[in-house]
Amino acid sequence: MTTRTARCACGRVEVTVEGDPLLVYVCHCDFCQRRSGNVFIASAQFPEEQVVSITGETHCYNGLEVDGVGAVGIPGGINYRFCEVCGSSIYMDAIFPHTGNRVFTIALGSFVDAVFPPPTTEFFTRFRHPWVPPIPDAVQLFDPLDGSLTVESGLRGGRPDPSSSEE
């Protein structure tokens, strides 16, 4: 089984996971752009049971406790974790409403050995900067909250749930 370790810039926070991620994706939403200071984020999602260890002290931002506004589509919000020393955004965790399970999303750039397949899904492409090309063969979700696809289907690489009426 593959073991991967992610670290902040100063090395004080470390996350170790085992196995393959549920999803490798890019998010172009305006919040992720502001949060990261970049034009998109690239991340890998892992179920809680694949998280072997988290060491070091982090601060957490989850808009709910600050201003009552959390991540759209995630009732409990998303816990954005960053190193309290260097400020690196290392990971985020949330309980997905469609499964009730906690998922950890780790920034690809934080991994010590960042060998991952290309992202299979791009979220919120309506916010994509015009000079950023689409990733070949990745599902392009213009706005997963516009009703065209559910967030859950995007988390499955844009494939509709076979038990639903999505095409």
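FYI, the numbering just counts along the sequence from 1.
Taken from CD1 in Ile95 to CD1 in Ile78, the straight-line distance is 12.0 Å, to the nearest 0.5 Å. The distance from atom OH of Tyr91 to atom OG1 of Thr58, rounded to the nearest 0.5 Å, is 4.5 Å. In this structure, CD in Gln45 is found 7.5 Å from CE in Met92, a value given to the nearest 0.5 Å. With rounding to the nearest 0.5 angstrom, the CG atom of Asn38 is 8.5 Å from the NE2 atom of His129. Taking OG of Ser110 as the start and CZ of Arg7 as the end, the distance is 11.0 Å to the nearest 0.5 Å.
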For this session: Walk me through it: do Asp93 and Val103 pass the test side-chain contact (heavy atoms from CB on, under 4.5 Å)?
Result: CA-CA 6 Å; Asp93 63 277; Val103 176; over 6 Å; no
For this session: Assess whether ring-ring contact (aromatic ring centres under 6.0 Å, His included) is satisfied between Tyr80 and Phe31, documenting all intermediate values.
Result: CA-CA 12 Å; Tyr80 298 95; Phe31 180 78; 5.2 Å; yes
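By the rule that hydrophobic residues join a cluster once side-chain heavy atoms approach within less than 4.5 Å of another member, Leu141 and Leu22 end up as members of one cluster.
The shortest side-chain heavy-atom distance between Phe123 and Thr125 does not fall under the 4.5 Å cut-off. Here the side chains of Thr5 and Val15 are not in contact, with every heavy-atom distance at 4.5 Å or above. Residues Arg4 and Pro21 form a side-chain contact, since some pair of their non-hydrogen atoms from C-beta on lies under 4.5 Å apart. Between Arg81 and Ile90, every side-chain heavy-atom pair lies at or beyond the 4.5 Å cut-off. Within the 4.5 Å cutoff, the side chain of Ser53 has no heavy atoms near those of the Glu14 side chain. In this structure the side chain of Val17 reaches within 4.5 angstrom of the side chain of Phe111, judged on heavy atoms. Put simply, the side chain of Thr55 does not reach to within 4.5 Å of the side chain of Val13, judged on heavy atoms. Using a 4.5 Å heavy-atom threshold, the side chains of Val26 and Ile135 count as touching.
Residue Val112 belongs to no hydrophobic cluster, having no ILVMFWY side-chain heavy atom closer than 4.5 Å to its own.
Taking a 6.0 Å sphere around CZ of Arg12, one finds it holds 12 or fewer heavy atoms contributed by other residues, nucleotides or ligands. Annotation for Asp137: atom CG does not count as buried by contact number, only 12 or fewer foreign heavy atoms lying within 6.0 Å.
With sequence neighbours left out, the side-chain contact (heavy atoms from CB on, under 4.5 Å) criterion links Glu48 to Arg102, Phe104. Contacts of Phe124 classified as side-chain contact (heavy atoms from CB on, under 4.5 Å), with partners at least two apart in sequence or in another chain: Cys27, Cys29, Phe127, Asp143, Pro144, Leu145.
Between Tyr61 and Phe82, the distance separating the two ring centers is not shorter than 6.0 angstrom.
Glu122 and His28 form a side-chain donor-acceptor contact under 3.5 Å, judged by distance and modelled atom types alone.
In this structure, Thr3 contributes its side chain and Glu18 its backbone to no donor-acceptor pair below 3.5 Å. Put simply, the side chain of Asn62 gets close to the backbone of Gly76: a donor and an acceptor are under 3.5 Å apart.
Met1 and Gly19 get closest at one heavy-atom pair: CG-N, 3.5 Å.
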